[in-house]
*Asks:* 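One structure, pasted below without further comment.
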Amino acid sequence: MGVRNPPRFRVESNSTAYHFFDGSNFTMTRTKVVQILKTVPPGTEVDVRGWVRTKRESKQDFAFLEVNDGSCLANVQIVVDANVPDYSTLIKQIHTGASVAVIGEVKESLGKGQRVEVHARTLKVLGTADPQTYPLQKKGHSFEFLREKAHLRPRTNTFGAIARVRNALCTAVHNFFQARGFLYVQTPIITTSDCEGAGQIFQVTTLDLAKLQQLRGPIDYGHDFFGKKAGLTVSGQLEGEIYATAVGDVYTFGPTFRAENSNTTRHLAEFWMIEPEMPFYELEENMDLAEAFVRSIVKDVMDHCADDLAFFNERIEPTLLTSLQNIVEHDFIRRTYTEAIEILEKSSQPFEYPVSWGKDLQSEHERYLTEQHFKQPVILTDYPREIKSFYMRCNDDGKTVRAMDVLVPRIGEIIGGSQREERHSVLIDRMQECGLNPADYWWYLELRQYGTVPHSGFGLGLERTVQLLTGMTNIRDCIPFPRTPKSAEF
RNA sequence: UCCCCGAUAGCUCAAUCGGUAGAGCGAGCGGCUGUUAACCGCUAGGUCCUAGGUUCGAGCCCUAGUCGGGGAGCCA
């Protein structure tokens with residue numbers, strides 16, 4: 001778990017020794033491209049290893065290689081000339097995609113476009129990439145094409161940058177909560193609580209389905225692995241509440257599974273979610289935390305991935321940096337659902353779906369509020385109880401619950417949360433109102449029976465946050481190996 | 001799951017009214033060059049998604065299917 005702020009190690013100027021701040025040392029010969037470009041002084045001999053992005057070959061016995069190793073967006077330019085042993089043989093073997101190891105000297109570059117470059121003394125081709133079959137080329141590819149090459153797409157600029165942003169985001173998440181004394185709690189992936197109230201469940205079974213099909217009778221889950229029907233988690237919230245009402249502020253950070261047949265740019269069947277849960281928090285503190293959280297992680301990623309975000313701003317979404325800056329610098333707007341309905345009703349916007357109190361807001365309504373009306377993130381609260389989950393705390397008006405949704409431009413809902421219903425009898429009533437059987441939630445109810453406290457929490461979708469941070473429009477490009485209906489190849 | 005759109009060279013795409021399959025990039029070869037999305041010339045490269053159908057003739061029209069994309073719903 002990356003809870004410590006980078007840099008975590010220091011590199012000697014000859015860049016062969018790593019001295020970790022925790023006291024450990026080891027030597028390795030490889031110098032990462034990011035170090036060559038940013039810290040290694042000219043005159044240093046380095047051992048660079050990576051994948052060739054382009055080769056620009058002169059027939060007069062020298063060539064330029066652009067080598068990338070994923071340590072940063074930029075490539076390092078390698079100058080190879082006839083003094084390198086086996087020059088003409090080796091250079092013929094190298095095309096886009098080949099892996100190479102180069103030992104050479106860092107020099108200030110004569111050409112434009114880079115501060116330094118590496119003049120090769122020796123060149124080794126670790127692996128060739130046949131240009132007739134290697135799918136990636138110098139030119140850009142469509143994201144649809146690259147999705148079918150998920151094993152190779154991290155070798156592209158865009159997907160390398162996404163990987164670094166995602167990593168920085170995960171670190172920022174842990175940093176935020178660890179700095180505030182939250183405990184990182186692991187909630188189960190496999191659950192038997194059939195009805196967590198959030199969507200379709202992937203069933204987990206060791207029963208022989210082919211055999212069951214022949215038997216045709218009712219299925220006896222007593223013979224299944226767990227002795228009852230089991231599935232993959234759709235949320236760690238209920239278990240998070242257990243720890244929140246025992247050890248204090250907690251957060252979960254793990255995979256979540258929804259078996260919905262969703263085919264959109266915002267949904268995955270397997271995605272990662274961060275779910276903090278805090279005792280003694282009422283909705284206002286919950287909102288304060290959610291807002292501080294979003295702004296903190298955005299700022300951290302802007303600080304640590306400046307080059308990558310500049311790339312996204314230039315190539316993917318021209319409003320990216322200003323919209324992120326906007327999030328960091330301005331307070332989020334806070335309105336109730338009822339106020340939002342009034343705004344929407346007064347607007348002259350021609351909505352496809354009519355606006356009326358009691359109906360859930362459509363995507364177009366949410367987008368209007370955050371993109372057109374307020375032009376910044378909005379937190380909406382106190383939704384009608386009919387359209388929200390059973391565990392949300394009922395307001396005294398009898399009509400609304402203490403729910404909150406955080407809406408951001410371009411994405412829509414990025415956080416959903418609430419103050420939880422901590423009153424035992426009210427919760428039972430709400431379960432029955434929602435058609436749930438309280439007996440199925442016996443342990444959840446006991447949290448209210450014994451030492452109940454007001455508490456709150458929310459869930460943030462990791463991949464939607466990656467969308468927010470990168471401007472990538474399709475969520476399938478924001479996770480290394482997306483799972484969607486009819487698609488789980490890699 | 002519903003609505004709309006698409007599938008043609010390795011990639012991105014074009015092909016007029018149903019009449020011989022095209023370009024750019026990439027690749028190979030040659031030229032030129034401290035180059036940098038290099039540049040110039042030549043060459044090779046096609047089961048037009050699949051299966052039926054209509055027609056003298058289908059990349060193009062019709063039917064079914066597969067896969068992909070966008071939008072909606074569900075939500076994070």
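Letters go in sequence order (proteins before strands), and every chain restarts at 1. Quick note: numbers below take in every heavy atom, side chains included, and nothing from hydrogens, waters or symmetry partners.
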*Asks:* Could you check whether any side-chain heavy atom of V165(A) comes within less than 4.5 Å of a side-chain heavy atom of F312(A), counting everything from C-beta outward?
*Replies:*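 They are in side-chain contact.
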
*Asks:* Below 4.0 angstrom from OP1 or OP2 of rC75(B), is there any side-chain N or O of R464(A)?
*Replies:*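 R464(A) to rC75(B) OP1/OP2: no side-chain N or O under 4.0 Å.
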
*Asks:* Can a side chain N or O of T265(A) be found less than 4.0 Å away from OP1 or OP2 on rG71(B)?
*Replies:*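 For rG71(B), OP1/OP2 do have a side-chain N/O of T265(A) under 4.0 Å.
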
*Asks:* Taking a pair as Watson-Crick or G-U wobble with both distances under 3.5 Å, which nucleotide is matched to rU54(B)?
*Replies:*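 Check on rU54(B): unpaired, no WC or wobble geometry under 3.5 Å.
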
*Asks:* Tell me whether the side-chain N/O atoms of T96(A) come closer than 4.0 Å to OP1 or OP2 in rG26(B).
*Replies:*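 No.
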
*Asks:* Can you work out whether F145(A) or T473(A) has the more 5'-proximal nearest nucleotide on RNA chain B?
*Replies:*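 Of the two residues, F145(A) wins.
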
*Asks:* For rA7(B), give the paired nucleotide (Watson-Crick: N1-N3 plus N6-O4 or O6-N4; G-U: N1-O2 and O6-N3; both under 3.5 Å), or none.
*Replies:*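 Pairing partner: rU66(B).
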
*Asks:* Stacking between F64(A) and rG34(B), defined as ring centres under 5.5 angstrom apart with planes under 30°, is that present or not?
*Replies:*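 So F64(A) does not count as stacking on the base.
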
*Asks:* Is it true that E45(A) and R121(A) make a salt bridge, defined as a side-chain N closer than 4.0 Å to a carboxylate O?
*Replies:*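 R121(A) and E45(A): salt-bridged.
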
*Asks:* Looking for any heavy atom pair under 4.0 Å, which part of the strands does L110(A) touch: base, sugar-phosphate only, or nothing?
*Replies:*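 Contact class for L110(A): base.
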
*Asks:* If only side-chain N and O atoms of N263(A) are considered, is one of them under 4.0 Å from the OP1 or OP2 phosphate oxygen of rC3(B)?
*Replies:*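 For N263(A), the contact criterion (side-chain N or O under 4.0 Å from OP1 or OP2 of rC3(B)) is not met.
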
*Asks:* What is the nucleic acid contact for I274(A), judged by heavy atoms within less than 4.0 Å: base, sugar-phosphate only, or nothing?
*Replies:*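 I274(A): no heavy atom of the nucleic acid under 4.0 Å.
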
*Asks:* Taking only the P atom of each, what is the distance from rC42(B) to rU35(B) in whole angstrom?
*Replies:*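 Comparing P positions in rC42(B) and rU35(B) gives a spacing of 25 Å.
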
*Asks:* State, yes or no, whether a side-chain contact exists between D405(A) and I415(A) at a heavy-atom distance under 4.5 Å.
*Replies:*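 The answer is no, as the side chains (C-beta and beyond) never meet within the 4.5 Å cut-off.
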
*Asks:* Hey, does S142(A) reach any base, or is it just sugar-phosphate, or nothing, if we go heavy atoms under 4.0 Å?
*Replies:*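 Sugar-phosphate, no base atom in range.
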
*Asks:* Let's test your reading of the model: under 3.5 Å, does the base of rG10(B) pair with the side chain of Q137(A) as donor and acceptor?
*Replies:*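 Indeed, a donor on one side and an acceptor on the other fall under 3.5 Å apart.
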
*Asks:* Think R147(A) forms a cation-pi with F143(A), using NZ or CZ under 6.0 Å from the six-ring centre and within 45 degrees of its axis?
*Replies:*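 Judged by the rule (NZ or CZ under 6.0 Å from the ring centre, within 45° of its axis), R147(A) is not positioned above F143(A).
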
*Asks:* Could you tell me whether R147(A) contacts a base, only the sugar-phosphate backbone, or nothing, with contacts defined as non-hydrogen atoms closer than 4.0 Å?
*Replies:*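 Here R147(A) touches the backbone only, sparing every base.
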
*Asks:* With a non-hydrogen cut-off below 4.0 angstrom, is E144(A) in contact with a base, only sugar-phosphate, or nothing?
*Replies:*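 It contacts sugar-phosphate atoms only.
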
*Asks:* When you compare rG26(B) with rG45(B), how far apart are their C1' atoms, in angstrom units rounded to a whole number?
*Replies:*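 Comparing C1' positions in rG26(B) and rG45(B) gives a spacing of 11 Å.
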
*Asks:* With a 4.0 Å cut-off on heavy atoms, is G111(A) in touch with a base, just the backbone sugar-phosphate, or nothing at all?
*Replies:*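 The residue G111(A) makes base contact.
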
*Asks:* At less than 3.5 Å, do the side-chain atoms of E352(A) and the base atoms of rG71(B) form a donor-acceptor pair?
*Replies:*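 No pair found.
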
*Asks:* Could you tell me whether the phosphate oxygens of rA38(B), OP1 or OP2, come under 4.0 Å of any side-chain nitrogen or oxygen in R56(A)?
*Replies:*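 The answer is yes; a side-chain N or O of R56(A) sits under 4.0 Å from OP1 or OP2.
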
*Asks:* Quick one: do the T400(A) and N395(A) side chains pair a donor with an acceptor below 3.5 Å?
*Replies:*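 Their side chains do contain a donor-acceptor pair, which is all the 3.5 Å distance test asks for.
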
*Asks:* Answer yes or no: is there an ion pair linking E57(A) with K55(A), defined by an N-O contact shorter than 4.0 Å?
*Replies:*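 A salt bridge links E57(A) with K55(A).
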
*Asks:* Do S418(A) and R420(A) have side-chain atoms, one donor and one acceptor, less than 3.5 Å apart?
*Replies:*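 Yes - a donor-acceptor pair under 3.5 Å links their side chains.
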
*Asks:* Searching all strands shown, indicate the nucleotide that pairs with rA72(B) (Watson-Crick or G-U wobble; both distances under 3.5 Å).
*Replies:*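 Pair assignment: rA72(B) / rU1(B).
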
*Asks:* Does Q114(A) get its side chain close enough to the base of rU35(B), under 3.5 Å, for a donor-acceptor pair?
*Replies:*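 It does, because a donor-acceptor pair links the side chain of Q114(A) to the base of rU35(B) below 3.5 Å.
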
*Asks:* Can you find a donor-acceptor pair, distance only, under 3.5 Å between E57(A) side chain and rU35(B) base?
*Replies:*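 No such pair is found, so the answer is no.
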
*Asks:* Under 4.0 Å, heavy atoms only, any strand: does E117(A) hit a base, just the sugar-phosphate, or nothing?
*Replies:*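 Counting heavy atoms under 4.0 Å across all strands, the contact made by E117(A) includes a base.
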
*Asks:* Can you tell me, in whole Å, how much space there is between the C1' of rG57(B) and that of rU20(B)?
*Replies:*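 So the two C1' atoms sit 12 Å from each other.
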
*Asks:* Enter syn or anti for the glycosidic conformation of rC48(B), syn applying to angles within 90° of 0.
*Replies:*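 Here rC48(B) takes the anti form, which means its glycosidic angle is more than 90° from 0.
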
*Asks:* Check the phosphate of rA72(B) against R367(A), side-chain N and O only, distance under 4.0 Å to OP1 or OP2. Yes or no?
*Replies:*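 Checking rA72(B) against R367(A), a side-chain N or O does come within under 4.0 Å of OP1 or OP2.
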
*Asks:* Can you work out whether G461(A) or Y353(A) has the more 5'-proximal nearest nucleotide on RNA chain B?
*Replies:*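 Counting from the 5' end, the first nearest nucleotide belongs to Y353(A).
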
*Asks:* So, OP1 or OP2 of rC25(B): does either fall under 4.0 Å of a side-chain N or O from H141(A)?
*Replies:*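 Checking rC25(B) against H141(A), no side-chain N or O comes under 4.0 Å of OP1 or OP2.
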
*Asks:* With both distances under 3.5 angstrom, what nucleotide forms a Watson-Crick or G-U wobble pair with rU33(B)?
*Replies:*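 Paired with no nucleotide.
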
*Asks:* rU16(B) pairs with which nucleotide, Watson-Crick or G-U wobble, both distances below 3.5 Å?
*Replies:*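 None - no nucleotide pairs with rU16(B), as no candidate has both distances under 3.5 Å.
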
*Asks:* Taking any strand in view, what nucleotide pairs with rU43(B) in a Watson-Crick or G-U wobble way, both distances under 3.5 Å?
*Replies:*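 rA27(B) - that is the nucleotide pairing with rU43(B), both distances being under 3.5 Å.
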
*Asks:* Please work out if R476(A) contacts a base, only the sugar-phosphate, or nothing of the nucleic acid, heavy-atom cut-off 4.0 Å.
*Replies:*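 Sugar-phosphate, backbone atoms only, no base.
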
*Asks:* At under 4.0 Å between heavy atoms, what does R115(A) touch on the DNA or RNA strands: base, sugar-phosphate, or nothing?
*Replies:*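 Result for R115(A) = nothing.
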
*Asks:* Contact class for E463(A) vs. all strands (heavy atom < 4.0 Å): base, sugar-phosphate, or nothing?
*Replies:*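 E463(A): no heavy atom of the nucleic acid under 4.0 Å.
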
